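This report concerns only the one structure given below.
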Amino acid sequence: MNTEFSMNRFWRLIILHLGENRKLFLVIMGVVSLFLIYLDIVQDNVVLIFLLSPIVLCLSGCLITANFYGKWSDFSQASYNLLLPATQLEKFLAVVFFSVVLFIPCFILFYFPIGLLFLHLFHPSIPIADMIFFRFLDDSFNRITLNTFLAYFVLQPLFMTIAARFKKHQFLIGALAVVFIFSFVIMMNTLILPNLSHRLAFNYTNFMTGGPVGYYPVSLQKGKQVMEQFNLQAWVYTANRIVYLFIAAGLYLAAWYSLKERKI
């Protein structure tokens, strides 16, 4: 078998995956559309559509990834992929291309036009210009966008690795892993931060994306407490983002070697 990368075989794999998973794509589009319809009926805030987009993006992308690689890890379907005239690298890059390079632009071109369209239909009094050029096109928009991509590039290879390791319920196992990791991080921060300073308690805000770090005083006082915030130096935020990129790269390598172990 030819082990050299072939662009022709690569694109044939892309078309194959598109045909095999078209039902899944239609289901995701339908669920997202129903979610946007409900969201636009109960509220008229265009900013909320943008703020919820990272969650919808990550859920949809991880579901697609788990489904693709679930087929590779299932013996009956993995044997079919093994017989495809393509190298392991081509099969691996085909799904990465589909789940990242192709999926993210398609999601953006579908999610926001549909959300704004239904918002205009249910709330025609809102000017179209306010729905397109809203106030988040600033530093906050840039931080949230960066946060979204960093989260997706960590979660997507995590689900790839889990789908290669487990034969069934890949998405459910991946979701449980995310909940466990998130809970562990919260617990460790809750234990560590008060020891750094007697005034600190766990309540980080936008740490990954360059926003200020917030905390509440530990000592309880009467009345409503106000969060105190302070900014860290710029190199701390940059180093933090680099750590997430290294984690993403390590997870991609783990997914690659997991698939190589199965010789698919």
Side-chain angles (χ1 to χ4, degrees), residues 13 16-39 51-82 88 91-104 106-107 110-111 147-190 208 244 247-264:
L13 284 174
L16 175 64
H17 283 303
L18 180 61
E20 289 181 343
N21 297 276
R22 59 183 180 275
K23 293 182 180 180
L24 176 63
F25 299 149
L26 293 176
V27 170
I28 291 177
M29 292 171 61
V31 172
V32 172
S33 298
L34 292 175
F35 169 75
L36 290 173
I37 291 175
Y38 171 77
L39 188 64
L51 291 179
L52 292 177
S53 61
I55 299 176
V56 181
L57 171 68
C58 292
L59 285 175
S60 303
C62 291
L63 179 60
I64 290 176
T65 301
N67 182 73
F68 282 169
Y69 285 87
K71 292 183 177 180
W72 285 21
S73 59
D74 182 73
F75 179 77
S76 60
Q77 301 187 55
S79 59
Y80 170 73
N81 283 278
L82 181 62
Q88 291 181 339
K91 296 174 183 178
F92 179 82
L93 292 179
V95 184
V96 174
F97 176 85
F98 214 109
S99 302
V100 178
V101 180
L102 189 60
F103 171 73
I104 293 179
C106 290
F107 175 86
F110 174 79
Y111 178 88
N147 183 23
T148 301
F149 284 115
L150 286 176
Y152 188 80
F153 285 127
V154 170
L155 293 175
Q156 197 265 344
L158 174 64
F159 275 77
M160 289 169 55
T161 306
I162 291 175
R165 289 293 181 181
F166 297 91
K167 295 183 178 181
K168 295 181 179 180
H169 310 298
Q170 292 89 351
F171 180 77
L172 178 60
I173 296 174
L176 291 176
V178 172
V179 172
F180 174 79
I181 295 172
F182 183 74
S183 301
F184 178 77
V185 171
I186 290 179
M187 181 184 68
M188 294 304 296
N189 280 279
T190 304
M208 184 170 67
Y244 281 92
I247 293 175
L251 290 172
Y252 275 115
L253 287 176
W256 163 248
Y257 283 110
S258 297
L259 291 172
K260 285 190 66 176
E261 289 178 2
R262 293 183 178 272
K263 298 181 180 179
I264 297 176

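Fair warning: this is a prediction, and the values are worked out from it, not measured in the lab. The residues of the chain are indexed from 1 along the displayed sequence. FYI, side chains are in, hydrogens and waters are out, and symmetry mates aren't considered; it's all heavy atoms of this structure.
Between atom OH of residue Tyr152 and atom OG1 of residue Thr65 there is a gap of 5.0 Å, rounded to the nearest 0.5 Å. Here the CZ atom belonging to Phe92 is positioned 7.5 Å from the OH atom belonging to Tyr252, to the nearest 0.5 angstrom. Rounded to the nearest 0.5 Å, atoms CE (Met160) and CG (Leu155) are 13.0 Å apart. Atom CD of Gln156 and atom CG of Leu57 lie 10.5 Å apart (nearest 0.5 Å). For the atom pair CG of Leu13 and CG of Leu93, the computed distance is 10.0 Å after rounding to the nearest 0.5 Å.
Across Ala163 and Ala66, no two heavy atoms sit closer than the pair CB-O, 4.1 Å. Smallest separation of non-hydrogen atoms from Ser60 and Ile28: OG-CG2, 3.8 Å. Between Ala254 and Ser258, the shortest heavy-atom contact is O-OG, 2.7 Å. When all heavy atoms of Ala248 and Pro157 are compared, the closest pair comes out as O-CG, 4.0 Å. Between Val56 and Phe35, the shortest heavy-atom distance links the atoms CG2-CE2, 3.9 Å.
Checked options Ile247, Val100, Thr148; the residue passing with Phe153 is Val100 (criterion: side-chain contact (heavy atoms from CB on, under 4.5 Å)). The side-chain contact (heavy atoms from CB on, under 4.5 Å) test with Phe159 singles out one residue from Ile173, Leu251, Val178, Asn67, and that residue is Val178.
Residues Phe98 and Phe25 bring their aromatic ring centres within 6.0 Å.
Between Tyr111 and Phe107, the ring planes lie parallel to each other; the angle is under 30°, not in the 30° to 60° tilted range.
Other residues, nucleotides and ligands contribute only 12 or fewer heavy atoms inside 6.0 Å of the OH atom of Tyr38.
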